[in-house]
Amino acid sequence: MKVVTSRPRIARAGATAVFVAHDEPDALRRGLLKDVDCPYPVVLDVTGSAYGDWGLPRAPWWKVWLDGRVWLQYLRLLSAGERLRPPGRDAQQLGGDFVVDGAGVVAYARPQERDDRPPVGALLAVLEASASE
C-alpha cells in the first residue's frame, strides 16, 4: 500500500484516498490490512457492484494463475522484503486506479489488467494537476 506513505503529498493536494475491497471485513483485516495502519477509508463492496459500475472486469483464471509476469512480480516483491498477503475472496476480480477531481469528474482511470498497478507517483501527478486546476 505505497499510497499510504504518500499521505503528506496527498494532503497537500487537498485530497484523500479511498480503498474499495470486495472481501468480508474479517478476511480483509486478516489479509490485506494485517499489520497495516491505513489512514484512509476502506469501503467494502462484498457484492462487487461497484467494480461493475466502474467497468472493472474479472480476469479469466488462466490470466491470473498462469501468467508468468504475475509470478515474476510476486518474486520481486518477496525479494524486496514484502510480505505476500493471502488472495481475497475473488482473486479473479481486477481492480483499478482512479483520480476524481473536486468537481466529481474522473481525471484518471486505469483498469487493472493483472497485478500491474501504476506507479504511485503517476497517480499523484494527476492528482496534483487536477487539484491545481
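Model, not experiment: these values are computed from the prediction.
- Hydrophobic clustering, with ILVMFWY side chains joined whenever heavy atoms are under 4.5 angstrom apart, groups Val18 together with Val100.
- Scanning for side-chain contact (heavy atoms from CB on, under 4.5 Å) contacts around Ala125 gives an empty result, with sequence neighbours left out.
- Remark: Leu44 engages Ala21, Pro25, Leu28, Val42 in a side-chain contact (heavy atoms from CB on, under 4.5 Å) (not counting sequence neighbours).
- Distance CD/Glu82 to OH/Tyr74: 12.5 Å, rounded to 0.5 Å.
- Judged purely by atom type and a 3.5 angstrom limit, Gln112 has no side-chain atom pairing as donor or acceptor with the backbone of Asp97.
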For Leu66 and Trp61, what are the C-alpha separation, side-chain angles and deciding distance, and is it a side chain to side chain contact (heavy atoms under 4.5 Å, CB included)?
-> CA-CA 8 Å; Leu66 298 181; Trp61 67 269; 3.7 Å; yes
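- A search for side-chain contact (heavy atoms from CB on, under 4.5 Å) contacts involving Ala103 returns Asp101, Val105, not counting sequence neighbours.
- Within the 4.5 Å cutoff, the side chain of Phe19 has heavy atoms near those of the Cys38 side chain.
- Residues that satisfy the ring-ring contact (aromatic ring centres under 6.0 Å, His included) test with Trp54, not counting sequence neighbours, are Phe98.
- In terms of heavy-atom proximity, Leu127 sits nearest to Ser130 at O-OG, 3.0 Å.
- Under the 4.5 angstrom side-chain criterion for Ile, Leu, Val, Met, Phe, Trp and Tyr, Val46 has no cluster partners at all.
- Screening residues 41-59 for salt bridge (charged side-chain N to carboxylate O under 4.0 Å, His left out) gives Arg58-Asp90 as the qualifying pairs, with residues at least two apart or on separate chains.
- Listed by first and then second residue, the salt bridge (charged side-chain N to carboxylate O under 4.0 Å, His left out) pairs involving residues 8-20 are Arg9-Glu128 (not counting sequence neighbours).
- At a threshold of 4.5 Å between non-hydrogen side-chain atoms, the residues Tyr40 and Ile10 count as touching.
- Evaluation of the salt bridge (charged side-chain N to carboxylate O under 4.0 Å, His left out) rule for Arg29 yields Asp26 as partners, not counting sequence neighbours.
- For the atom pair Asp67 CG and Trp62 CH2, the distance stands at 12.5 Å (nearest 0.5 Å).
- For Pro39, the side-chain contact (heavy atoms from CB on, under 4.5 Å) partners two or more places apart in sequence, or in a different chain, are Val4, Arg7.
- Val64 and Leu78 end up in the same hydrophobic cluster when Ile, Leu, Val, Met, Phe, Trp and Tyr side chains are linked at under 4.5 Å.
- With sequence neighbours excluded, the residues that form a ring-ring contact (aromatic ring centres under 6.0 Å, His included) with Tyr51 are His22.
- Between Tyr108 and Pro118, the closest side-chain pair of non-hydrogen atoms falls below 4.5 Å.
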